[in-house]
Q: 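Pasting in a structure now, in structure tokens, and then I'll have a few things to ask.
This one's a predicted model, so the numbers in the text were calculated from it and none came from an experiment.
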Amino acid sequence: VQLQASGGGSVQPGGSLRLSCAAYGFSLSNYGMSWFREAPGKGREWVSFIDQPGGITHYADSVRGRFTISRDNANNVLYLEINNLEPEDTAVYSCARYRYSYFTAQAASADQYHLWGQGTLVTVSS
């Protein structure tokens, strides 16, 4: 049972990337999923959540309007489309499986997640 994130890279401000998170050994369709990020010298920050059917999404204020979370349950893949990147978005981005299929008040807390992908680095600089 594991998650494997990919798609990071180095981009200029204003650029875009699409991150992927492939699930192995379990069905992604049974779980709510989140993306977190950890910038150099900072703690882990919750970025976005999508519920099990994929119809309800939530975003941190810092990324709302620029990031889009989505999922392909048939292919067991979670995505994060990130647009209009800013230097402050530089971080290691990780996907994580939530204990519930729906959003709760604790869904932004990293300690509520027990399965994590290894992370993919996004660097934004000119």
Side-chain angles (χ1 to χ4, degrees):
V1 175
Q2 62 177 328
L3 295 167
Q4 190 167 32
S6 61
S10 295
V11 297
Q12 293 185 338
S16 300
L17 285 172
R18 188 175 78 159
L19 308 183
S20 300
C21 173
Y24 299 96
F26 71 98
S27 178
L28 200 65
S29 64
N30 294 328
Y31 297 91
M33 298 291 297
S34 275
W35 286 95
F36 287 79
R37 66 184 181 183
E38 188 164 0
K42 296 185 178 179
R44 185 172 282 166
E45 175 191 18
W46 172 77
V47 172
S48 183
F49 176 92
I50 187 167
D51 71 345
Q52 169 262 328
I56 298 176
T57 57
H58 298 267
Y59 297 93
D61 289 343
S62 58
V63 307
R64 187 176 292 112
R66 299 187 299 120
F67 289 19
T68 302
I69 190 172
S70 62
R71 63 194 301 159
D72 180 349
N73 286 339
N75 290 300
N76 239 21
V77 183
L78 175 74
Y79 298 103
L80 185 69
E81 187 85 28
I82 46 181
N83 299 306
N84 195 20
L85 279 159
E86 304 168 351
E88 293 73 24
D89 296 317
T90 294
V92 174
Y93 286 73
S94 299
C95 53
R97 188 180 77 181
Y98 193 43
R99 59 191 301 178
Y100 301 118
S101 62
Y102 51 90
F103 188 81
T104 72
Q106 292 75 40
S109 298
D111 61 5
Q112 298 296 308
Y113 295 77
H114 302 292
L115 182 66
W116 292 80
Q118 85 285 5
T120 185
L121 177 63
V122 173
T123 303
V124 185
S125 68
S126 55

Q: Can you measure from OG1 (Thr68) to CZ (Arg18) and round to the nearest 0.5 angstrom?
A: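 Spacing of OG1 (Thr68) from CZ (Arg18) equals 11.5 Å.
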Q: Using modelled atom types only, decide if a donor and an acceptor are shared between the side chain of Asp89 and the backbone of Glu86 within a distance under 3.5 Å.
A: yes
Q: Check the orientation of Trp116 and Phe36. Use parallel for under 30°, tilted for 30 to 60°, and perpendicular for over 60°.
A: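 Answer is tilted, since the angle falls between 30° and 60°.
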Q: Locate the shortest heavy-atom distance separating Val47 from Val63; write the atom from each residue and the value.
A: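 For Val47 versus Val63, the nearest heavy atoms are O-CG2, 3.7 Å.
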Q: Counting distance only, does the side-chain N/O of Asp51 pair as donor-acceptor with the main-chain N or O of Ile56 below 3.5 Å?
A: yes
Q: Quick one: are Leu19 and Val122 in side-chain contact, heavy atoms under 4.5 Å?
A: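 Leu19 vs Val122: side chains touch.
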Q: When you measure from the side chain of Asp72 to the backbone of Ala74, do you find a donor-acceptor pair of N or O atoms at a distance under 3.5 Å?
A: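 Judged by distance alone, yes, a pair lies under 3.5 Å.
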Q: Quick check for you: to the nearest 0.5 Å, what is the distance between Leu115 atom CG and Phe26 atom CZ?
A: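 The CZ atom of Phe26 is 5.0 Å from CG of Leu115, to the nearest 0.5 Å.
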Q: Taking atom NE2 of His58 and atom OG1 of Thr104, what is their separation to the nearest 0.5 Å?
A: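 Reported value, rounded in 0.5 Å steps: 9.5 Å.
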Q: Minimum heavy-atom separation for Ser16 and Val11, please, with both atom names.
A: O-CG1, 4.2 Å
Q: Could you pull out all residues at least two apart from Trp46 that satisfy side chain to side chain donor-acceptor pair (under 3.5 Å)?
A: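 Expected list: Ser34.
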Q: Quick check: closest heavy atoms across Ser94 and Gln118, and the distance to 0.1 Å?
A: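 Nearest heavy atoms, Ser94 then Gln118: OG-C, 4.4 Å.
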Q: State whether the side chain of Asn76 and the backbone N or O of Ala23 hold a donor-acceptor pair below 3.5 Å, judged by distance alone.
A: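 Such a contact is found between Asn76 side chain and Ala23 backbone.
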Q: If I compare all heavy atoms of Val92 with all of Gly119, which pair ends up nearest, and what's the gap?
A: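 So the two residues come closest at CG1-CA, 3.8 Å.
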Q: Output yes when a side-chain donor or acceptor of Arg37 lies under 3.5 Å from a complementary backbone atom of Ala91, and no otherwise.
A: no
Q: Determine, using the 4.5 Å side-chain heavy-atom cutoff (strictly less than), whether Met33 and Tyr59 are members of one ILVMFWY cluster.
A: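 The answer is yes; both residues are in one hydrophobic cluster.
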Q: Under a 3.5 Å distance rule, please check whether Tyr113 uses its side chain to pair with a backbone N or O of Ala107 as donor and acceptor.
A: yes
Q: What distance do Asn73 atom CG and Ser29 atom OG have between them, rounded to the nearest 0.5 Å?
A: 5.0 Å
Q: Within the 4.5 Å heavy-atom criterion, are Ile82 and Arg66 side-chain neighbours or not?
A: no
Q: For the CG atom of Leu78 and the OG atom of Ser70, what is their distance to the nearest 0.5 Å?
A: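 Rounded to the nearest 0.5 Å, the CG-OG separation comes to 7.0 Å.
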Q: Give a yes or no on whether Tyr24 and Val77 share a hydrophobic cluster (residues Ile, Leu, Val, Met, Phe, Trp, Tyr; joining criterion: side-chain heavy atoms under 4.5 Å apart).
A: no
Q: Hydrophobic cluster membership, with links at side-chain heavy-atom distances under 4.5 Å among I/L/V/M/F/W/Y: are Ile50 and Tyr79 in one?
A: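 No, Ile50 does not connect to Tyr79 through the hydrophobic network.
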Q: Can you establish whether the number of heavy atoms outside Tyr100 located under 6.0 Å from its atom OH is more than 12?
A: no
Q: Between Ser62 and Glu88, is a side chain to side chain donor-acceptor pair (under 3.5 Å) present by the stated rule, with each step listed?
A: CA-CA 10 Å; Ser62 58; Glu88 293 73 24; over 6 Å; no
Q: Any side-chain to backbone donor/acceptor pair from Gln112 onto Gln106? Under 3.5 Å, distance only.
A: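 No, because the side chain of Gln112 does not come within donor-acceptor range (under 3.5 Å) of the backbone of Gln106.
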Q: Do Cys95 and Trp35 come close enough that some side-chain heavy atom pair is under 4.5 Å?
A: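 In contact.
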Q: What heavy-atom pair brings Thr90 and Ala39 nearest, and what distance separates the two atoms?
A: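 Heavy atoms only, the tightest pair is O-CB, 3.5 Å.
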Q: At their closest point, which heavy atom of Gly8 faces which heavy atom of Thr120, and how far apart are they?
A: N-OG1, 2.9 Å
Q: Going by side chain to side chain donor-acceptor pair (under 3.5 Å), name the residues that satisfy it together with Ser125, two or more places apart in sequence or in a different chain.
A: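 If we apply the side chain to side chain donor-acceptor pair (under 3.5 Å) test to Ser125, skipping adjacent residues, there are no hits.
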Q: Distance from Arg97 atom CZ to Gln2 atom CD, nearest 0.5 Å?
A: 12.0 Å
Q: Would you check if the side chain of Ser101 reaches a backbone N or O of Tyr31 as a donor-acceptor pair within less than 3.5 Å?
A: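 Flag not set: sc Ser101 to bb Tyr31 has no pair under 3.5 Å.
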Q: Residues in ring-ring contact (aromatic ring centres under 6.0 Å, His included) with Phe49, at least two apart?
A: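 In terms of ring-ring contact (aromatic ring centres under 6.0 Å, His included), with neighbours along the sequence ignored, Phe49 is linked to Tyr98, Phe103.
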